[in-house]
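Chain naming here is simple, since letters A, B, ... match the order of the sequence lines and numbering starts at 1 in each.
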2 protein chains.
Amino acid sequence: MTHTPVVDVLVGKHAVGETVTVKGWVRTRRDSKAGLSFIALHDGSCFDPVQVIALNSLQNYSDIQKLTAGCSLSVTGQVKASMGQGQALEIEAQSIEIVGWVENPDTYPMAAKRHSIEYLREFAHLRPRTNVIGAVTRVRNCLSQAIHRFFHERGYLWISTPILTASDTEGAGEMFRVSTLDMMNLPRNDKGEVDYSEDFFGKETYLTVSGQLNVETYCAAMSKVYTFGPTFRAENSNTSRHLAEFWMIEPEVAFADLSDVATLAEDMLKYVCKAVLEERADDMAFFAERVKKDVITRLEALVNSDFVRMDYTDAIEILKASGKQFEFPVEWGVDLSSEHERYLAEEHVGAPIIMQNYPKDIKAFYMRINDDGKTVAAMDILAPGIGEIIGGSQREERLDVFDQRLEEMGLSKEDYSWYRDLRRYGTVPHAGFGLGFERLVAYVTGMQNVRDVIPFPRTPGNASF
Amino acid sequence: MTHTPVVDVLVGKHAVGETVTVKGWVRTRRDSKAGLSFIALHDGSCFDPVQVIALNSLQNYSDIQKLTAGCSLSVTGQVKASMGQGQALEIEAQSIEIVGWVENPDTYPMAAKRHSIEYLREFAHLRPRTNVIGAVTRVRNCLSQAIHRFFHERGYLWISTPILTASDTEGAGEMFRVSTLDMMNLPRNDKGEVDYSEDFFGKETYLTVSGQLNVETYCAAMSKVYTFGPTFRAENSNTSRHLAEFWMIEPEVAFADLSDVATLAEDMLKYVCKAVLEERADDMAFFAERVKKDVITRLEALVNSDFVRMDYTDAIEILKASGKQFEFPVEWGVDLSSEHERYLAEEHVGAPIIMQNYPKDIKAFYMRINDDGKTVAAMDILAPGIGEIIGGSQREERLDVFDQRLEEMGLSKEDYSWYRDLRRYGTVPHAGFGLGFERLVAYVTGMQNVRDVIPFPRTPGNASF
């Protein structure tokens, strides 16, 4: 592979006059009366295509005049300062090899015109060829690299927690069953129930809804760890914020309290947003122009803001005193709904909020009970323009308190025996949080629907491709 | 969090005389007749624990004398040059807070003695506290970070291909079914078959066996892409090399041929092995001492070797001429077995081999047919001491040849319609490979069984934790 990525040409890595070979796909072709054609060629390496000048002296110029969006080319030519608008450098072709034609250009699904985002979803295998999905792909990659870098630089170890699991972390998530049993001929036990002892793993097995409980075991040995992997929810939710399969980042920190991981979360969000602003200015300019006007200023504001820490109990008072008429009434003990979160983050504070210390009854069993006996050391980060983006907590590390909580919730000690072991053997205060990766990508790019920020979205009724 | 990772103390980031706080778990405690105790404290940040000197003048010294392996501590003290052997620096404690005791030390499963690797597997939630699994965890993290870095530096984009899929890439893999149907009350269609139209995704859905076909769609737009995610095989294989759930890395490169991706694979292996040698010398020294003597020299040899490219057809001649008595007879057309691969890599060449151009009948349908009509542009990388570690190929990008191949294999065009679209619209030569991450970690660490290099191994009959 001796060809040059388009980005290298556009940022001037090759001197004017140098001969280069670029390879990619035609975005547009425009013929000039002066006897030459302008071809915009993209290869995914950056937002902008490179302009290729094809003079009619090229031996296959008559073929070149038939090029349409999506055709693949190998172009060898000289880097030139561009006379035209919109680019500083272009390539004057010495030769153009047409590598692949587009069969029947009139029906090519990605023909060069604007398509609705819903239309593009029907062609998940071709939509990365569009400006918008190409930009999403680069920003998504930038965010994932920045996340790994952020944790690695701080001594965190990436842990791959299991996807297949016989336990249910949240205690209540709707889960996908995984099985190799013959569905037409299910084995039965004496009671007539399905006999999972004959299944692949010898018991009922599901797709994970969270790696948290598992990663706590590594936290209790390696101190600073994080997961970055797929998780699953079999919820019948057809919203712009839900996917049946999505990626989560879950750091877990030993000898840390809620405040420590709130700081970690704030630092991480700022770090990865800064990375996007610095490394993907081209794609962000596109999102600001075409998708959401304030997408860059919003990110800059986040990077430069101090997140405001607020207790749930105080938030309730603020909401009550706001004089606002909310659809869902506010009272201590209720879960905050989107309208409340938005009022607080967008109107009252105007900055991201770290909301802390929620009533224990609306939170998970593993969260640490505060001294008031009523609240738990949980936090959500609410960002203006999107609402909850991160949820975390300090975990209950005291065995006696944990056991009491299990009992209250009607959960069995046996089911959590290995989790309890972490509290029996050298227990330590520890805390962590979860970040839904697609919600982050949607927030950063301004894309409205998480289905458009993951390559192949899985939702009720849809596992195509 | 204002405490100091153990590694920072040991590498001298804090001056002698400085007061630091470290937090971690007791590995061993030894009492001296001179009225003091030596505590080895680990926190996962590096292989070695830090030695803490606890003088009997400490107010809770009687408790300190009861510390056992696994207890968690917060130690504040002064960094000192160590008089003892085995470490340059140690900490003389000013105070030791006992954070968590070990309930019933006599039955603590990770008590400070040597345990068999099989025994440790039974305690996957506690085994990261051991030297060996701690070292594996750091090397595994180092490799994963190096892989992301390698591709990122070269302009590759990380693509998350779907885990849930309605298609079977390899055409033959044994797959796990994913469903939310009520197993006690399965819906039936007119023919009495299970009616998957009522299932969550409206059709039969499986766990992916490879992201390759999916990632090709992104390759055909973004040029250089890679996956790094979990894949699944429902094979009833109880071997040291098989897992039902494992992580794969699958780069895919547009405008590339087999030779290009062979070079990419060689560069990548060398890059990540070099990263381990440089960044995890402490853990590698342990593996060399306790697990496999030549594990470092083997890696150094790989980093410094030139991989030898060899055609399958030539390999058959070499094997035939070897005079060796193989269990499986050698003839053109057979798949190479482990004994053949080892002879070639270890005895004949003495370096990693890139074996190329296999008979088409033993390879997958998507591999590019060579001009001889008999072989495909496929490659395997065979490393001394482990055998096949990478498998890759150039993909068939010619629609007519691909369609003919589908027909030969009895596969339907309809099932591959979206894959065929990539060949209908701006097709390009492209190639890629797959690397099983756990096999790489096992190779690098010298660990015998892949079950010991992934946190929670899933194998037939086992999805514990």
Side-chain angles (χ1 to χ4, degrees), chain A residues 1 5 23 25 43-45 70-72 99-100 102-103 108 125 128-129 137 141 144-145 148 152 155 157-160 162-164 166 176-180 183 194 200-202 205 217-218 221-223 230 234 245 247 255-256 260 418 421 424-428 455-456 458 460-461 463 465, chain B residues 1 5 23 25 43-45 70-72 99-100 102-103 108 125 128-129 137 141 144-145 148 152 155 157-160 162-164 166 176-180 183 194 200-202 205 217-218 221-223 230 234 245 247 255-256 260 418 421 424-428 455-456 458 460-461 463 465:
Chain A
M1 287 206 330
K23 302 186 179 190
W25 293 265
D43 70 353
S45 62
C71 291
S72 50
V99 178
V102 164
E103 186 185 297
Y108 176 49
H125 61 310
R129 301 171 179 212
T137 303
N141 172 69
S144 82
Q145 302 288 349
H148 284 298
H152 187 54
L157 302 171
W158 174 70
I159 305 296
S160 50
I163 311 301
L164 299 168
F176 289 102
R177 174 183 289 107
V178 174
S179 172
T180 57
M183 298 283 267
V194 176
F200 190 90
F201 295 109
T205 311
T217 67
Y218 271 71
M222 316 303 292
S223 300
E245 171 184 323
W247 288 66
F255 301 103
D260 292 323
W418 58 268
D421 278 358
R424 294 169 66 205
Y425 304 129
T427 191
V428 299
F456 299 93
R458 269 67 180 107
F465 306 102
Chain B
M1 284 203 334
K23 302 185 179 190
W25 293 266
D43 71 353
S45 61
C71 291
S72 50
V99 178
V102 164
E103 184 184 298
Y108 176 48
H125 61 310
R129 302 170 179 212
T137 302
N141 172 68
S144 81
Q145 302 287 349
H148 284 298
H152 187 55
L157 302 171
W158 174 69
I159 305 295
S160 49
I163 311 301
L164 298 168
F176 289 103
R177 173 182 289 106
V178 174
S179 173
T180 56
M183 298 283 267
V194 176
F200 190 90
F201 295 108
T205 310
T217 67
Y218 271 70
M222 316 303 292
S223 300
E245 171 184 323
W247 288 66
F255 301 103
D260 293 323
W418 58 269
D421 278 357
R424 294 170 65 206
Y425 305 129
T427 191
V428 299
F456 298 93
R458 269 68 181 108
F465 306 101

Q: Look at B:G202, B:S179, B:P5 and state which one has the largest set of heavy-atom pairs under 4.5 Å with chain A.
A: B:S179

Q.
As an exercise: rank B:V99, B:I163, B:T427, B:D421 by heavy-atom pairs under 4.5 Å with chain A and give me the winner.
A. B:I163

Which one, [options], leads in non-hydrogen pairs under 4.5 Å with chain B?
{"options": "A:G426, A:P460, A:A234", "answer": "A:G426"}
{"options": "A:G100, A:S160, A:S144, A:G155", "answer": "A:S160"}
{"options": "A:L157, A:I159, A:T180", "answer": "A:L157"}
{"options": "A:L164, A:V178, A:V194, A:V102", "answer": "A:L164"}

Q: Let me know if A:W25 has heavy atoms under 4.5 Å from chain B in its side chain, its backbone, both or neither.
A: side chain

Ignoring hydrogens, what is the shortest heavy-atom contact between [X] and [Y]? Give both atom names and the distance.
{"X": "B:N141", "Y": "A:H152", "result": "ND2-ND1, 3.9 Å"}
{"X": "B:P455", "Y": "A:Y218", "result": "CA-OH, 3.3 Å"}
{"X": "B:Y425", "Y": "A:E103", "result": "CE2-O, 3.5 Å"}
{"X": "B:T217", "Y": "A:P128", "result": "O-CG, 3.9 Å"}
{"X": "A:P162", "Y": "B:R458", "result": "CB-NE, 3.3 Å"}

Q.
Using a 3.5 Å distance criterion without hydrogens, assess whether the side chain of B:S223 forms a donor-acceptor pair with backbone atoms of A:G44.
A. no

Is chain A contacted by the side chain of [X], its backbone, both, or neither, given a heavy-atom distance below 4.5 Å?
{"X": "B:W247", "answer": "side chain"}
{"X": "B:T205", "answer": "side chain"}
{"X": "B:P230", "answer": "side chain"}

**Q.** Verdict with supporting geometry, B:M183 and A:M183, side chain to side chain contact (heavy atoms under 4.5 Å, CB included)
**A.** CA-CA 8 Å; B:M183 298 283 267; A:M183 298 283 267; 3.8 Å; yes

Q.
Is the ring pair B:F201/A:F176 parallel, tilted or perpendicular, if the boundaries are 30 and 60 degrees?
A. parallel

Q: Measure the acute angle between the ring planes of A:F465 and B:W418, then classify it against the limits of 30° and 60° as parallel, tilted or perpendicular.
A: perpendicular

